[in-house]
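Index from 1, following the sequence. Only a predicted model underlies this, so the values are computations on that prediction, with no experimental measurement involved.
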Amino acid sequence: PIYEALLKQDGVPMPDHQTHRDLRAATVEQAMQINVPVALLEDSVADAAKKLDDIGARVLPVVDSSGSLHGIVGRQELTAIGGATLSGRMRTHVITVFPDQSLDLALLKLGRHSVRQAPVISRLASRQVMGMLSLEDISAALARHEVRSGF
């Protein structure tokens with residue numbers, strides 16, 4: 001099955017049974033990380049690099065002063081030659097998911113675009129960052145569900 005193959009390819013352990021049903025039953029909101037650090041559009045490259053180092057993250061969502069998503073930045077963008085602010089270095093084509101989506105749809109989207117994590121944005125407030133979802137978050141949510149279900 002594609003779900004197990006995608007997670008196995010990325011080195012994320014997955015339970016073998018009930019996976020499809022569990023992925024359909026759980027939502028992004030149940031698995032996502034909340035209160036994630038963000039970089040501001042006006043942050044310097046050095047500030048963003050320090051945030052990444054301090055929290056050990058792979059990427060940071062880049063938002064404006066109102067919290068709307070404008071892009072995403074990781075170590076690759078920060079080490080590239082370019083401007084001193086994030087607006088010139090961030091990736092503006094960002095794969096996002098919604099909190100009410102099922103984990104199977106989110107996993108399919110992550111796999112289709114070959115990304116390990118994505119910002120979770122609100123359907124109601126345009127591009128408002130609510131959290132982050134990673135493959136590891138999905139795996140942990142399934143493990144929690146497996147324990148609760150007694151599998």
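- Pairs engaging residues 57-71 under the salt bridge (charged side-chain N to carboxylate O under 4.0 Å, His left out) rule: R58-E136 [sequence neighbours left out].
- Annotation for D137 and A31: closest pair CB-O, 3.3 Å, computed over non-hydrogen atoms.
- Applying the side chain to side chain contact (heavy atoms under 4.5 Å, CB included) rule to L40 yields the partners E42, D43, V63; only residues at least two apart in sequence or on another chain are considered.
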Query raised in the report: Under the side chain to side chain contact (heavy atoms under 4.5 Å, CB included) criterion, do H70 and M90 qualify, and how do the steps go?
Result: CA-CA 9 Å; H70 285 264; M90 67 183 177; 3.9 Å; yes
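- Hydrophobic clustering places V45 together with L52 (ILVMFWY residues linked when any side-chain heavy atoms are closer than 4.5 Å, directly or through intermediates).
- In this structure, CE in M132 is found 4.0 Å from CD in Q117, a value given to the nearest 0.5 Å.
- The pair R75-D53 meets the salt-bridge criterion, since a charged nitrogen lies less than 4.0 angstrom from a carboxylate oxygen.
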**Report entry** Test side chain to side chain contact (heavy atoms under 4.5 Å, CB included) applied to S139 and L142, step by step
**Finding:** CA-CA 5 Å; S139 180; L142 287 173; 5.9 Å; no
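- The nearest pair of heavy atoms linking L133 to A106 is CD2-CB, 3.7 Å.
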Query raised in the report: Yes or no on side chain to side chain contact (heavy atoms under 4.5 Å, CB included) for Q33 and V120, after CA distance, side-chain angles and deciding distance?
Result: CA-CA 9 Å; Q33 297 292 317; V120 180; over 6 Å; no
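- Counted within 6.0 Å of CD1 on I34, heavy atoms from surrounding residues, nucleotides or ligands total 12 or fewer; the atom is thus considered open.
- A pairwise comparison of heavy atoms in L60 and A48 identifies CD1-O, 3.8 Å as the closest pair.
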Requested in this report: Start with the C-alpha gap between L78 and V73, add the side-chain angles, then the distance that decides, and say whether side chain to side chain contact (heavy atoms under 4.5 Å, CB included) holds.
Outcome: CA-CA 7 Å; L78 294 176; V73 67; 3.6 Å; yes
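- Within the structure, salt bridge (charged side-chain N to carboxylate O under 4.0 Å, His left out) pairs that include any residue of residues 26-35 do not occur (at least two apart or interchain).
- Once rounded to the nearest 0.5 Å, the distance linking CD1 of I95 with NE2 of H113 reads 4.0 Å.
- Listed by chain and residue number, L124, A125, Q128, M130 satisfy the side chain to side chain contact (heavy atoms under 4.5 Å, CB included) test with S122 (two or more places apart in sequence, or in another chain).
- In this structure, the side chain to side chain contact (heavy atoms under 4.5 Å, CB included) partners of A118, at least two apart in sequence or on a different chain, are L110.
- For K109 (side chain) and T96 (main-chain N/O), a donor-acceptor pair under 3.5 Å exists by modelled atom type.
- Applying the side-chain hydrogen bond (donor to acceptor under 3.5 Å, both in side chains) rule to K50 yields the partners D54; only residues at least two apart in sequence or on another chain are considered.
- Applying the salt bridge (charged side-chain N to carboxylate O under 4.0 Å, His left out) test to pairs two or more places apart or on separate chains, those with a residue in residues 119-133 are D100-R123.
- Follow the hydrophobic side-chain contacts under 4.5 Å out from L86 and you never reach V59; the two are in separate clusters.
- Grouping the Ile, Leu, Val, Met, Phe, Trp and Tyr side chains by contacts below 4.5 angstrom, directly or via other members, places V129 with F98.
- Taking every heavy atom of both residues into account, L69 and P61 meet most closely at CD1-CB, 3.8 Å.
- To the nearest 0.5 Å, atoms CG (L103) and CD (Q101) are separated by 9.5 Å.
- Looking at residues two or more places apart in sequence or on another chain, you find a side chain to side chain contact (heavy atoms under 4.5 Å, CB included) between R112 and L108.
- The minimum heavy-atom distance between T27 and P99, with the atom names listed, is CB-O, 3.7 Å.
- The cluster map of Ile, Leu, Val, Met, Phe, Trp and Tyr, joined by side-chain heavy atoms under 4.5 Å apart, puts V28 and V115 in the same cluster.
- Annotation: the span from I121 atom CD1 to S68 atom OG amounts to 9.5 Å, rounded to 0.5 Å.
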